[in-house]
Each structure stands twice: as structure tokens, then as C-alpha cells.
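First comes the structure, then the notes that go with it.
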Amino acid sequence: MVDVLSPTTPDQLRDAVGWALGSETPLEIIGSGSKRAFGHSVRTNAVLDCSKLSGILFYQPEELVISARAGTPLADIKAALAEKNQQFHFEPGNFPALLDGSSGPDAGTIGGLVACNLAGPRRIKVGAARDHLLGFEAVSGRAEDFKSGGRVMKNVTGFDLSKLMAGSFGTLGVMHTVTLKVMPNDETSATVIVACSDPRAAGKAMTIAMGSENEVSAAAWIAPEDAPHLDVPLAGEYGSGLVALRIEGPKPSVAWRADALCRALAGFGECHEVPESHSRSIWKVVANVAPFVASENTGSILWRVSVPPASGGDICARLIEKTGGRAMMDWAGGLIWVQIAASDAANVPDAPDAMAGTIRDIVANVGGQANLVRASDEIRQATRVFHPEDPALARINARIKENLDPMGILNPGRIAPLSLNGEGA
């Protein structure tokens, strides 16, 4: 039987962690549970459900700041921002849909978004969630309150714990309050699309675009078989893969820069500017990784690969060649999504370890990382989901974990399985 603890206040949250600490009971930390399948399974019968720690505490549009309880639905946050024509500049997509085909739009909570440090296409220009987290309040694995930051960037002094908590997957502390920077929506946007089916050529085109004076805010490549997801008339007419480049800002500036990009990239393939109405839909598809959502790709395995953007095209091509999978590039080649059909993965000798080794060997040559996003529970327990850490970094992280959660009661095994191939992790 699973024990579920559902605190409604920060004090109750601290008491719940205190009970777990005193009884040496590991806790699985969840909000809405929409990203529960990301990472390794947590082996415990006690769940700390933070979904009732919900609500916007303050929102000051003129100061570009919002603070909310960690369990607040992301949909509620986005709706409040939309009313004031504002947004999270790091453009989070609907990541849960990649894990669970039943997830609706804007699934998940604001705390889960920060804990996983997610970001969409604009990350290449403005950073990820951690770069917009002004402050947080949390309970450590010692059942002690701690916090960092405040309502403005200048309020961050000493060691920036906000950067540490973002991406920690709830293993260092349980956040109950987060404060983030928001930004106004741009006046207009346009997207330049370039017909290009070769990922290597696409990588070069995106590198040129990002190095130009045209202030490109997002750059992606969509393979020929996935281009129809963009729902753009020209995409179907090209019958090829597409490089998509977004430009945002005042209308005259956007028009001038779009024209300049078309001229600069004409040598890569047919090039056109897509109007704002279609531009927004393109980047929603890219942010949500729509071609690879779980509901349309039953049983498939999905990898998330991070590499230096300049290497993205070559690495993407090699991954396709070696795995037989489908791929999509974001962040100007810095992020590569690789989906492998279950039947293809099963044909690899000693799969899935061999497949993981193949992918990680390819990206290691350029200092990249490969994380397993979607796979069966069996595969996630047999394969390291997150890229193995450098030994020196692993020692530092272990010391931090020891200080904040000495008994290891917070999401044990989420990042590294407690046992893998007979060894502790």
C-alpha cells in the first residue's frame, strides 16, 4: 500500500519531511505527476504529493516578476501571463506529452518545470528555466527550511542555490515557492524556412544564421517525414526537410532581418518567409517536439542529446545512420531529439545497453550528453537514463547531496538508479 502525504502549507511540508527523516522512509516527490516517467523509478511506498501547495502568490506585470507555490498548474501560470501579454522567455513546451500520450496542453506544475530545468526553442538566446529563477523557498532532506534569491536578480548573493535546485529533480530539497522573471511578448515574429533534407547542411545553415547580425531567436531542423507536423502550406510544397529560423521584435526590423536571412541562406535551398500566423504554430510544434509525442509513437524510445551547436548537424547525421532512428534538431543544433522505433531497438545485440553505448560514444567525441527521455520501466532500470557524470563532478554533487539530504530520503534513485547491473549508484 502506498502512503500519500499531501501537505497544504509549507509548515505541513516540513512536518512531512521530518516524519520521513525520523522513520527513515524514502519519499517520491511529485506535483501533478506528469513527469514521473522521466528518470529512474523511485523505489518507495511513500509519496509526497505537492499538488495542494498551489496558487499564485503575487504577480507584478510592471516589475516582470511572478511568484507561486510549486504545485500551481503551469496552465494557470501561462493563462495569467497571457492576460498581460507576457510570457516565460525560456518558452517551455509540453514536455509531459513526450512521456505520456494522455497529457493535455501545458501539463505539469511550475515546480516540476523548474525542478527539471526545462526550456524550449528560445533557450539558445535566453537560457533555460534556471536562468529565469529569481528565488525559491524549500525544505531540505534535513527537514529544515532554506531559501535563496528574491524578487530581483540583484538579490542573489553568495552561492546561487537557485541554479543548483533547477535541474535537481527534487533530490536536494522540496521547493514549495518559486519566483521567476517574465517578459513581454514581442511585437511580432516571422520565420524563415529553408528547404533542406541533409542534417549536416542544416547544421551549417543554422550556424551561419546564428552568427549573423539578424538576431535569430530560435533555429531548428525538421526532417522530411516530420515536416507535415508544421501545418504550413509551403512545407508540404517543398517535399523536403526544413530549417526554420525565427526573428522577433518590431515589425520593420523583423521584415528587414527576414529578407536578409533569405538572401544569406539562398545557397542551401529554396527559402521563404512565413507570416506570423504560421510562425507561431511552427514554434509550438518545435517546443512540444510534436512529431515525437508518446500518443503517436507507441513503444518507441526517445533520446535527448545535447552537443555544441556547431557540431549538431554532423552528430545528428551520425545518430540517424547508426540507430536507424528519426531525428529533429533545436537550439541551432545544440539539442537533438532521436526517436528509435521499439522494433529497431530490439534488433540491436544486447539492447538497450548497446544502443545507449552507441549514442553516448558518438556524442562524447564533442563533449556532449545523451539522456534517455522515454522508454519502458524495464529499459529505464537497466540503462542509465542520465548521461554518466565526470568523476570529479560526481564527487562534488555527492557532497552537496550529503549536506542537503544526508539520509537520501528525497527522490532516491531518480537521477541514478540505486542498483544498476548489480552495483550501487
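If you're wondering where the values come from, they're calculated on a predicted model, not measured in any experiment.
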Arg36 vs Glu28, salt bridge (charged side-chain N to carboxylate O under 4.0 Å, His left out): CA-CA, chis, key distance, verdict: CA-CA 9 Å; Arg36 222 168 176 177; Glu28 180 180 14; 3.0 Å; yes

Run Glu378 and Arg380 through salt bridge (charged side-chain N to carboxylate O under 4.0 Å, His left out) and show every step you take. CA-CA 6 Å; Glu378 181 182 6; Arg380 286 194 297 138; over 6 Å; no

Take Arg263 and Glu273, measure what salt bridge (charged side-chain N to carboxylate O under 4.0 Å, His left out) needs, and give me the verdict at the end. CA-CA 11 Å; Arg263 293 196 304 271; Glu273 177 187 346; over 6 Å; no

Arg122 vs Glu91, salt bridge (charged side-chain N to carboxylate O under 4.0 Å, His left out): CA-CA, chis, key distance, verdict: CA-CA 6 Å; Arg122 207 180 281 110; Glu91 198 175 8; 3.8 Å; yes

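The two residues Val363 and His387 come nearest to each other via the heavy atoms CG2-CE1, 4.1 Å. When every heavy atom of Pro61 is checked against every heavy atom of Lys84, the shortest pair comes out as CG-CG, 3.7 Å. Taking every heavy atom of both residues into account, Arg360 and Thr383 meet most closely at NH1-CG2, 4.5 Å. Between Ala209 and Val216, the closest heavy-atom pair is O-CG2, 3.7 Å. Closest non-hydrogen pair, Ser217 versus Ile124, comes out as O-CG2, 3.9 Å. Across all their heavy atoms, Ile29 and Cys50 have their closest contact at CG2-SG, 4.2 Å.
Using a 4.5 Å heavy-atom threshold, the side chains of Asn365 and Arg318 count as touching.
Residue Lys284 places its NZ atom among 12 or fewer non-hydrogen atoms of other residues, nucleotides or ligands, all under 6.0 Å distant.
For the atom pair Lys204 NZ and Asp314 CG, the distance stands at 7.0 Å (nearest 0.5 Å).
Classification of Arg142 and Asp405 as a salt-bridged pair fails, no side-chain N sitting under 4.0 Å from a carboxylate O.
For Asp131 (side chain) and Ala128 (main-chain N/O), a donor-acceptor pair under 3.5 Å exists by modelled atom type.
Ring-plane geometry between Phe136 and Phe146 is classed as perpendicular, the angle between the planes exceeding 60 degrees on a 0 to 90 degree scale with a lower cut at 30. Under the 30°/60° scheme for interplanar angles, the aromatic rings of Phe95 and Phe38 are found to be tilted.
Asp198 is linked by a side-chain hydrogen bond (donor to acceptor under 3.5 Å, both in side chains) to nothing, counting only residues two or more places apart in sequence or in another chain.
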